[in-house]
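Within every chain, numbering begins at 1; the chains are lettered A, B, ... in the order of the sequence lines, protein sequences first and strands thereafter.
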Amino acid sequence: MSGLASGLLHPLMVPAHVLALVALGLCIDLQARAARIAAGAGFALGVAGGLAAIAFAARPTSAIDLLLTATLLSGALAAAVLPLPSLVSALLAGLTGAALGMDSPPQAISLTVATMTLIGTGIGACLIFVVATVAAGLLRGLWKGIPLRILGSWCAASALLVLALRFARGLMFE
Amino acid sequence: MGLREDIHHSALGSPIGYSAVIGYSVLAVALLLLFAVSPALAHTGSAAGGFVGGFSHPLFGIDHMVAMVAVGLWGAFLGAPAIWLLPIVFPPVMALGGVIGILGVPLPAVETAIALSAMVLGIMVALAARPHVAIAALLVAVFAIFHGHAHGSELPSGADAVAYSIGFVAATGLLHIAGIAFGQLARWPLGRMAVRAAGGAIALAGLVFLRGIG
């Protein structure tokens with residue numbers, strides 16, 4: 001599999017990344033148009049920044065904990081149907097994107113393949129975020145939006161359990 | 001107000017319609033099929049990693065399962081907003097209980113509380129009890145903490161902990177939805193009797209669990 005294709009699929013292969021993107025999509029879809037646009041821009045910038053950081057990182061990061069924290073926040077906000085100011089939406093999306101990027105180190109032996117993998121990961125993450133947001137829009141019209149809120153609640157609960165598990169095992173921010 | 005209006009109105013709106021009943025019924029049938037292959041008691045410590053392990057864990061414990069279904073059934077008698085608040089609020093509260101269990105904070109008589117939850121919730125359904133929603137929520141939340149504590153202490157620490165947690169939470173939520181679906185039968189007189197009878201059966205099962213612990 002080429003580096004680009006591998007990168008495109010990477011966010012789908014990691015359960016924590018899928019969970020984070022779904023939770024963020026649910027949360028952002030509920031927001032006003034300006035906040036959604038700000039979130040989209042924030043996410044793209046965050047992913048780019050996170051991938052750039054991992055490209056220059058000397059050692060692995062503990063970005064997974066940041067990603068799970070962002071997932072917890074996004075899921076809880078979606079479950080509570082809370083409106084967010086544009087700046088907060090952008091920051092939440094940016095945090096999620098940056099953590100996702102920093103948690104996606106490429107598994108490649110050549111610089112070219114690694115670079116293509118990182119580019120693919122960035123494109124893939126943005127595409128999945130868009131798909132998650134569109135899907136959340138469809139859910140919003142279903143049964144008075146209750147399934148959307150239930151999914152947000154499940155995302156938050158799952159993230160909380162994993163964060164607690166990592167804390168208890170001494171894995172958090174190690 | 002940045003929030004979209006349709007969602008905002010739904011928070012104050014009417015109960016779920018017939019399309020919801022059909023959808024819930026499909027989920028209920030799927031879960032009843034799963035019920036048929038769930039003979040063991042919960043909390044045996046045999047949790048495996050991954051989504052399938054997490055999803056199957058709540059379904060392989062009849063004490064946990066009947067209590068979750070009873071929560072959904074009770075929602076049918078409590079009506080809106082409790083009927084849809086329960087599947088939204090219960091998983092995070094249960095996860096808080098799970099956090100307590102994961103962190104090793106002891107709770108007294110966890111298994112007794114779980115058996116008691118089936119009995120009490122079953123009685124509430126059988127009596128078609130309609131206390132104030134705050135009292136119902138408090139009662140369910142207390143039981144949720146104990147259920148979460150029991151399961152939280154069994155979460156695996158492998159690389160697939162995220163998938164396991166997603167499966168575990170989804171299965172628990174689907175059990176609620178199965179209960180809500182069955183509870184929709186209470187719209188009709190015969191169905192109401194069937195739902196109340198199911199509550200009685202759950203209460204009896206809870207009593208059996210209690211005697212088994214004792």
Under 4.5 Å to a heavy atom of chain B? For A/A156 that would be neither
Part of A/A79 lying under 4.5 Å from any heavy atom of chain B:
both
With salt bridge (charged side-chain N to carboxylate O under 4.0 Å, His left out) as the test, would you mind laying out the steps for A/R140 and A/D29 before giving the verdict?
CA-CA 8 Å; A/R140 182 168 29 82; A/D29 175 70; 2.8 Å; yes
Relative to chain A, which segment of B/F168 carries a heavy atom at a distance below 4.5 Å: side chain, backbone, both, or neither?
side chain
Parallel, tilted or perpendicular, judged at 30° and 60°: which one describes the rings of B/H64 and B/H151?
perpendicular
Assess, by modelled atom type and distance only, whether the side chains of A/T117 and A/H10 contain a donor and an acceptor separated by less than 3.5 Å.
no
Audit row: B/V93, B/V89, side chain to side chain contact (heavy atoms under 4.5 Å, CB included) steps and yes/no
CA-CA 6 Å; B/V93 175; B/V89 174; 3.8 Å; yes
